Asks: 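Here it is: the structure, laid out below.
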2 protein chains.
Amino acid sequence: MDAETKARNETRARIIKAMAHPTRVFIVDELSRRERCVCELAVMVGADNSTVSKHISILRNAGIVLQEKRGNQIFCSLRCPCVLNFFSCVESVLSASGAASSAGVQG
Amino acid sequence: MDAETKARNETRARIIKAMAHPTRVFIVDELSRRERCVCELAVMVGADNSTVSKHISILRNAGIVLQEKRGNQIFCSLRCPCVLNFFSCVESVLSASGAASSAGVQG
DNA sequence: ACAGTTGTTGGCAATTTTGCCAAAATGCCA
DNA sequence: TGGCATTTTGGCAAAATTGCCAACAACTGT
């Protein structure tokens, strides 16, 4: 594996990894419906504000999420909605595995 | 976030996480071209056989990769080629970030 | 039977990730 | 100006991930 291929795969993994956490999956899913500020997401997730802020910074550094300051709050939105395709692929994987029903994904 | 949503996001994250490592990205990319046995992939990756075997087992448990035993070897192939869409989305993200050139993804 | 190849598993140390608290920065309103 | 809400950052301990070696299992060919 040459250096260029190595760099490409590390870049790919870095961005995919940004999507590889339940809380961040939730945030992306929620932002696909409407923009939200950090504190709203924190309440929905049920975690500390700082925890959610760090999750969002991971998504922002990956280039997946945008943040826009309006007054006291910072509203988050999806920069690249194509990441939502991850979820439909996940459902394909689960269907092929015959394990979808146990995770409530098909309902 | 209700229990069903929580379970769904954990399932999604588990499968996306299987794709969130440079070595596993390489394996999936390589299997999109042709099937390979573990030892071939280990040579290409430049890692121990056992290390690659564990990476493949993560992909297999996620439902992304299939393994078929033929003689002495076990050949791996993609069970769900839709995971390749992850890569094109990654390139969209990089294009939007204007950082694609620094990672050699566009070349 | 025996040696060699291939693949998996267990164990372990090093690294990374995660989530909370505390503290600081910014902006709103009175 | 002072109090309050929102967000980020640093620090830290707990948890998860990673990669190697050693051991074991399965198959091939002699």
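As the structure is a prediction and not an experimental result, all values here were calculated from the model. By convention in this document, chain letters (A, B, ...) are assigned in the order of the sequence lines, proteins followed by strands, and residues within each chain are numbered from 1.
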Asks: CD1 of B:I56 versus P of C:dT6: gap in Å, rounded?
Replies: 14 Å
Asks: List in numerical order all residues of residues 13-26 of chain B for which some heavy atom is under 4.0 Å away from an atom belonging to DNA chain D.
Replies: B:K17, B:H21, B:R24
Asks: Step by step, would you call B:E10 with B:R14 a salt bridge (Lys or Arg N to Asp or Glu O under 4.0 Å)?
Replies: CA-CA 6 Å; B:E10 284 170 357; B:R14 183 178 60 83; over 6 Å; no
Asks: One pair to check against side chain to side chain contact (heavy atoms under 4.5 Å, CB included): A:D2 and A:T5. What are the steps and the verdict?
Replies: CA-CA 5 Å; A:D2 60 283; A:T5 301; 2.8 Å; yes
Asks: In chain order, what residues pass the side-chain contact (heavy atoms from CB on, under 4.5 Å) check against B:R33, with sequence neighbours excluded?
Replies: B:D29, B:E30
Asks: Could you check A:R60 against A:K54 and say which one's nearest nucleotide on DNA chain D is further toward the 5' end?
Replies: A:R60
Asks: State whether A:F87 and B:R12 meet the cation-pi test: NZ (Lys) or CZ (Arg) under 6.0 Å from the six-membered ring centroid, and within 45° of the perpendicular axis.
Replies: yes
Asks: With no hydrogens and no angle check, do the side chains of B:N85 and B:S88 hold a donor and an acceptor under 3.5 Å apart?
Replies: no
Asks: Cut-off 3.5 Å, no hydrogens considered: what does the side-chain donor-acceptor table look like for residues 16-27 of chain B, sequence neighbours left out?
Replies:
unit_1	atom_1	unit_2	atom_2	d
B:H21	ND1	B:T23	N	3.1
B:R24	NE	B:A18	O	2.7
B:R24	NH1	B:H55	ND1	3.0
B:R24	NH2	B:K17	O	3.2

Asks: CZ/A:R34 to CG/A:L78 distance, rounded to the nearest 0.5 angstrom?
Replies: 14.0 Å
Asks: Quick one: how far along DNA chain D does chain B reach, first to last nucleotide 5' to 3', anything under 4.0 Å to a heavy atom?
Replies: D:dT17 to D:dT28
Asks: Is the phosphate of C:dG19, meaning OP1 or OP2, less than 4.0 Å from a side-chain N or O of A:T51?
Replies: no
Asks: If you take all heavy atoms of B:C76 and B:I56, which pair is closest and at what distance?
Replies: SG-CD1, 3.8 Å
Asks: Please produce a list of atom pairs where a protein N or O lies less than 3.5 Å from an N or O of nucleotides 23-30 of chain C.
Replies:
unit_1	atom_1	unit_2	atom_2	d
C:dT26	O3'	A:K69	NZ	3.4

Asks: In a table with atom names and distances, give each donor-acceptor pair under 3.5 Å that connects a side chain of residues 58-67 of chain B to protein atoms at least two apart or in another chain.
Replies:
unit_1	atom_1	unit_2	atom_2	d
B:R60	NE	B:Q67	OE1	2.3
B:R60	NH2	B:Q67	OE1	3.3
B:N61	ND2	B:S57	O	3.2

Asks: Could you say whether A:H55 or B:S50 is positioned toward the 5' end of DNA chain C, judged by the nucleotide with the nearest heavy atom to each?
Replies: B:S50
Asks: Would you say A:T51 and A:V45 make side-chain contact, with heavy atoms under 4.5 Å?
Replies: no
Asks: Quick one: bend of the helix from C:dA1-D:dT30 to C:dA30-D:dT1 from 5 pairs per end, to 10°?
Replies: 30°
Asks: What parts of residues 27-49 of chain A reach DNA chain C, counting only heavy atoms under 4.0 Å away?
Replies: A:A47, A:D48
Asks: Go through the structure and list residues passing disulfide (SG to SG under 2.5 Å) with A:C89, not counting sequence neighbours.
Replies: B:C82
Asks: Applying salt bridge (charged side-chain N to carboxylate O under 4.0 Å, His left out) as the test, list every pair that has at least one member in residues 61-88 of chain A; sequence neighbours left out.
Replies: A:E35-A:R70, A:E68-A:R70
Asks: Which is more 5' along DNA chain C, the nucleotide nearest B:S53 or the one nearest A:I58? Just name the residue.
Replies: B:S53
Asks: Side chain to side chain donor-acceptor pair (under 3.5 Å) with A:S50: which residues, sequence neighbours excluded?
Replies: A:D48
Asks: List the residues meeting side-chain contact (heavy atoms from CB on, under 4.5 Å) with A:C37, not counting sequence neighbours, and say none if there are none.
Replies: A:C39, A:E40, A:Q73, A:F75
Asks: Just by modelled atom types, is the A:N49 backbone N or O under 3.5 Å from a matching donor or acceptor in the A:S53 side chain?
Replies: no
